[in-house]
There are 2 protein chains.
Amino acid sequence: MNKQQEILKAALKLFVAYGFHGTATGKIAQEAGVATGTLFHYYKTKDDLIVALYVDIKTRLTACWQIGTAGNESIKDQFRQFYIAGMDWSLENNLEFKFTKQFLNSPYLLLLAPEEIQKQSRLILNMIKDGILTKTFKPLPEDLINTLLTSHLYGVHDYISNSKLSDSERKLLIDDSFEMIWKMISL
Amino acid sequence: MNKQQEILKAALKLFVAYGFHGTATGKIAQEAGVATGTLFHYYKTKDDLIVALYVDIKTRLTACWQIGTAGNESIKDQFRQFYIAGMDWSLENNLEFKFTKQFLNSPYLLLLAPEEIQKQSRLILNMIKDGILTKTFKPLPEDLINTLLTSHLYGVHDYISNSKLSDSERKLLIDDSFEMIWKMISL
DNA sequence: ATATTTGTAGAGTGACTAGTCAATTTTATG
DNA sequence: CATAAAATTGACTAGTCACTCTACAAATAT
């Protein structure tokens, strides 16, 4: 694993544990096994590192989604795949998920270029547009559906990661929770 | 307004704008129009101030809820009142809402005593228990229903505060969104 | 009127932090 | 192999931060 990746990995771990300002760049370098100079060789400032880490995480999630979408299923199946893949990824990558929540609810969000934010939700917004055009979804604003979907996923994730369910219980809950949100947004 | 309240007010404003570590205690004191010594007279540490601010906000929200609950309505009406009161309060107290989100998604959450966390959701958990016992709600875990409700509210809040709706549109959306979540959790 | 507690002030302190820089090692290239 | 480019190092700096301490004022109790 190269040093740049080590830095991101260390930053992720420490940011989640101690917060952004609570984590010194020196500590990140130490945890990554590099010198502070190396860190600043790859990232001009600490803020750059924070944003880069966010973009990296989002890219990895998006990649996992793009693999999953074969394309020939019904809109409902597409959405189910999407939902379940997102949930599974978030549960398996808990640190990444926590970091994202922390980032999105912090003033650091402002560091992110608006076009970057848009890019992240393009995939899902297109699916939603499709759903509305084909009268699969209620005629609600796209952004609203997106928000409802996302926050539902966050909520269920929160519940699952705070309760200890067996694998089968968990799977069942994820499926059921998808049906819930589906009923909510579909006609 | 006394100095202690001024300190909380200033802290709220700056924490939301610059984050917890991004806000120096000296700046808070300055914004509040007091000396740093005064700040530390009321709050032993910065962490104490952060937690006190969170508790203060939650107390104010809970107070607003307790006024609203007359008691004789149907469970659905009770919940609607609850949901709408929470939404209205959050929209009117945007700084407080942002602070809460930032706090709950940060490592500072760990500073909060577990009994304090429980206390905050006692009111709503009792209503949910009631709903399950009277077969008004689906037989889901209480915590799950609580989480679904909360995250739905967060999502709709997010959408509303990022879109510019007229008062009537907003009111309509809040009502409609309640019906959505109600359908999701009720039998 | 006196004593005691409480509130307020703000300069001062030691620790820590983001970021720099010049020197050194590693890698790529002709 | 020689040379240039890129990667890596870590001591260093200028600034910032949470918090202390002493002095004094105001309120309260006796």
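We name chains A, B, ... by the order of the sequence lines, and we start the count at 1 in each one.
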Inset, instruction - Kindly say if A/Thr38 contacts the phosphate of D/dA7, meaning a side-chain N or O under 4.0 Å from OP1 or OP2. - result: no
Legend entry - Rounded distance in Å - NZ (A/Lys27) to C1' (C/dG19): 17 Å
Inset, instruction - Please determine, for the side chain of B/Ala24, which listed nucleotide (C/dG19, D/dC19, D/dC17) has the closest atom? - result: D/dC17
Inset, instruction - Tell me, with the steps shown, if B/Arg122 and B/Glu115 meet salt bridge (charged side-chain N to carboxylate O under 4.0 Å, His left out). - result: CA-CA 10 Å; B/Arg122 233 193 50 230; B/Glu115 78 245 24; over 6 Å; no
Legend entry - Distance in angstrom units between A/Asn2 CG and C/dT27 P, rounded: 13 Å
Legend entry - Whole-Å distance separating the OH atom of B/Tyr43 from the P atom of C/dG7: 12 Å
Legend entry - A/His152 side chain vs A/Ser177 backbone, donor-acceptor pair below 3.5 Å: yes
Inset, instruction - Name the closest nucleotide to the A/Thr45 side chain, picking from D/dT8, D/dA18, C/dG19. - result: C/dG19
Legend entry - Selection from D/dT9, D/dA7, D/dA18 that lies nearest to any side-chain heavy atom of B/Lys46: D/dA18
Legend entry - Integer-rounded Å distance: D/dC17 P and B/Leu49 CG: 15 Å
Inset, instruction - Please state how far atom NZ in A/Lys44 lies from atom P in C/dC21, giving the value in whole angstrom units. - result: 14 Å
Legend entry - DNA chain C: 5'-proximal contact among A/His21 and B/Thr36 (nearest heavy atom): B/Thr36
Inset, instruction - Let me know the distance between CD1 of B/Ile28 and C1' of D/dC17, rounded to the nearest Å. - result: 12 Å
Inset, instruction - Tell me which nucleotide among C/dG19, C/dG7, C/dG10 gets nearest to the side chain of B/His41. - result: C/dG7
Inset, instruction - Tell me which nucleotide among D/dC19, C/dT20, C/dA9 gets nearest to the side chain of A/Phe40. - result: C/dT20
Legend entry - Rounded interatomic separation in angstrom, taking CG from A/Asp48 and P from C/dA18: 14 Å
Inset, instruction - For B/Leu39 and D/dA18, give me the distance from atom CG to atom P, rounded to whole Å. - result: 10 Å
Inset, instruction - Examine B/Phe79 together with B/Phe137 and report whether their ring centres are nearer than 6.0 Å. - result: yes
Inset, instruction - Could you tell me if the ring centre of B/Trp65 sits under 6.0 Å from that of B/Tyr83? - result: no
Legend entry - A/Tyr154 ring center near A/Phe97 ring center (under 6.0 Å): yes
